[in-house]
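All values below were derived from every heavy atom in this structure, side-chain atoms included, with hydrogens, water molecules and symmetry-related copies excluded. Note that the structure is a prediction, hence the values are computed from the model and not measured. Every number for a ligand or one of its atoms is a count from 1 in the order of the listing.
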Amino acid sequence: MSTTSDRSPATDSDRLIQRPLPPELLMRGDDPFSPPPGLDRLHERAAVSPVELLNGARIWMVTGFAESRAVLTDERFSADTHRHPNAMQLTPNQVVEQRAAAAAGRGGCPATEQQRTDGLFIFMDPPEQTRLRRLLVGQFTVRRMRALEARVREITVEHIEAMRAAGPRADLVSAFALPLPSLVICELLGVAYEDRAEFQERSAVAVNLDASDEERLHAQAGLYEFMRGLVADKRTHPADDLISGLVHGDADPALTDEELVDLSTMLLGAGHETTANMLALGTYALLEHPEQLAALRADPGLIDTAVEELLRYLSVIHTGPVRVAVEDLVLGDVTIPAGDTVMISLPEANRDTGQWPDPAELDLTRVRNHHLAFGHGVHQCLGQQLARVELRIGLAELLARLPGLRLDASPADIGLRTGMIIYGVHSLPVTWD
Ligand code: HEM
């Protein structure tokens with residue numbers, strides 16, 4: 001078992017998973033909110049298609065809604081990146097070796113017996129994933145979520161009022177969309193007020209692609225150290241927060257420091273950029289659909305269906321989830337050999353014409369919107385209720401408090417996060433009346 005001292009986020013490849021996809025499956029067309037035209041073409045031909053990655057490996061791209069759900073509920077597909085490494089993790093040389101193995105009758109990446117010893121259950125299968133997930137679910141209590149909702153509103157209003165005071169223009173990403181989810185995670189984990197500036201600074205640099213690799217890795221390592229300090233503090237000074245609940249709860253066996261630190265950093269990783277990009281890209285999409293925006297302004301009661309529709313329409317997790325077949329199986333019309341990697345395309349699955357009438361339209365009144373933006377099955381997003389609260393309050397308050405909100409740049413100048421695991425915009429210059 002590795003010790004906490006010899007590990008840091010910078011040395012764990014799972015935290016820096018690359019997506020060596022060919023550019024035509026990443027580059028958006030004229031419409032920044034629609035999936036890449038290259039993916040549309042794949043989907044038109046089949047619901048499951050072979051794709052060659054830049055490292056030379058073949059994976060299966062799943063673009064159909066029913067097929068995506070099937071993958072996410074079938075235990076023959078593994079999320080365990082230690083026991084079943086996926087093709088994204090391979091170097092070109094390893095791909096050549098893998099091809100030779102396939103020619104000898106052994107498909108895909110070979111399975112290993114390497115069990116995870118950290119807390120990253122998003123990369124585990126049941127029963128190991130079940131144990132850790134249950135412990136966390138037990139901390140997302142109704143009472144804690146209610147208290148968080150009140151704080152989400154306060155944090156939202158504080159940030160919008162600060163924008164107004166410094167306005168009438170701002171970058172919505174740095175002034176609002178990134179700090180809101182990071183502060184909400186601070187509330188959840190129980191980061192002391194006096195430490196929040198440091199936490200936010202480090203988490204903002206850790207995900208900032210304008211920073212150098214060195215700066216980002218330094219910030220990630222610093223964040224990891226910060227979390228270790230936080231866990232140590234909660235052991236001796238428990239309070240009413242998630243980490244204290246886990247440390248002093250009835251976990252049997254008790255959670256190790258390494259697991260606790262990893263669970264906390266995983267919550268930040270899973271809940272920060274996802275929500276931030278939904279807030280920023282969601283605002284951008286509303287501004288570019290003036291009739292829909294006017295309908296929402298006229299009837300704020302539409303916010304619930306509006307948030308679900310934006311989640312479906314934008315599908316910011318645009319390169320995954322990823323799984324590996326643990327045995328030969330049939331998916332759609334294709335046979336997938338054991339060891340092969342499948343990548344689900346949520347943007348395509350969420351625009352499947354078999355599932356929605358006019359899926360390419362943004363319709364904020366859409367009901368029965370059973371999208372896959374939060375995944376499905378045993379790994380379905382644990383923070384989805386919290387994300388919904390942040391999106392509802394965040395978008396509603398932005399529209400209510402910033403009358404005449406509009407872009408302060410030409411759409412052509414808005415940088416898109418095409419090559420990132422989470423899609424969105426790098427910055428969003430806005431102005432208001
Ligand atoms: C709009 C924002 C969000 C989106 C679109 C999103 C999406 C997703 C998706 C698609 C998965 C499934 C991954 C897979 O199957 O491999 C997932 C898992 C997860 N999410 Fe979220 N998420 C969001 C916000 C959050 C927040 C706010 C938190 C926590 C504070 C969170 C915590 C998690 C965790 C812990 C998992 C792993 C669950 C497991 O493996 O059992 N997410 N999320």
Can you report which non-hydrogen protein atom sits closest to [atom], along with the distance?
atom	answer
atom 1 (C) of ligand 1	M278 CG, 3.6 Å
atom 38 (C) of ligand 1	R133 NH1, 3.3 Å
atom 40 (O) of ligand 1	H379 ND1, 2.5 Å
atom 5 (C) of ligand 1	A373 O, 3.6 Å

Handout entry: All side-chain contact (heavy atoms from CB on, under 4.5 Å) counterparts of A79, not counting sequence neighbours
Key = D125, R323, H379
Practice task
Fit a plane to each ring of Y313 and H289, take the angle between them on a 0 to 90° scale, and name the class: parallel (under 30°), tilted (30 to 60°) or perpendicular (over 60°).
Solution key: perpendicular
Practice task
Report the relative orientation of the aromatic rings in Y423 and H318; use parallel for angles under 30°, tilted for 30 to 60°, perpendicular for over 60°.
Solution key: tilted
Which atoms of ligand 1 are found less than 4.0 Å from any heavy atom of [X]?
X	value
T275	2 (C), 24 (C), 27 (C)
F121	38 (C), 39 (C), 40 (O), 41 (O)
P321	14 (C), 15 (O), 16 (O)
I317	7 (C), 8 (C), 9 (C), 10 (C)
V378	41 (O)

Can a non-hydrogen atom of [X] be found less than 4.0 Å from any atom of ligand 1?
X	value
A79	no
V322	no
R388	no

Exercise for the section: Salt-bridge test for K234 and D241: reply yes if a basic N is under 4.0 Å from a carboxylate O, no otherwise. Expected result: yes
Handout entry: Charged N-O contact under 4.0 Å between R202 and E198
Key = yes
Problem - side-chain hydrogen bond (donor to acceptor under 3.5 Å, both in side chains) pairs, two or more places apart, involving residues 137-150 - result: Q139-R144, R143-D240, R144-D240
Handout entry: Over 12 non-hydrogen atoms of neighbours within 6.0 angstrom of CZ in R297
Key = yes
Handout entry: Verdict with reasoning, E52 to R58, per salt bridge (Lys or Arg N to Asp or Glu O under 4.0 Å)
Key = CA-CA 5 Å; E52 189 176 318; R58 181 197 62 186; over 6 Å; no
Exercise for the section: Would you mind finding which of H376, H272, R323 brings a heavy atom closest to atom 15 (O) of ligand 1? Expected result: R323
Exercise for the section: Give the intermediate values and the outcome of side-chain hydrogen bond (donor to acceptor under 3.5 Å, both in side chains) for residues R216 and Q220. Expected result: CA-CA 6 Å; R216 267 187 300 133; Q220 285 172 13; over 6 Å; no
Problem - Heavy-atom pair of closest approach, residues A285 and L362 - result: O-CD2, 4.4 Å
Exercise for the section: Assess R406 against W432: is NZ or CZ under 6.0 Å from the centre of the six-membered ring, and within 45 degrees of the ring's axis? Expected result: no
Practice task
List in chain and number order the residues that pass side chain to side chain donor-acceptor pair (under 3.5 Å) with S427, two or more places apart in sequence or in another chain; answer none if no residue qualifies.
Solution key: none
Problem - Residue and atom, protein N/O/S, under 2.8 Å of atom 21 (Fe) of ligand 1 - result: C381 SG
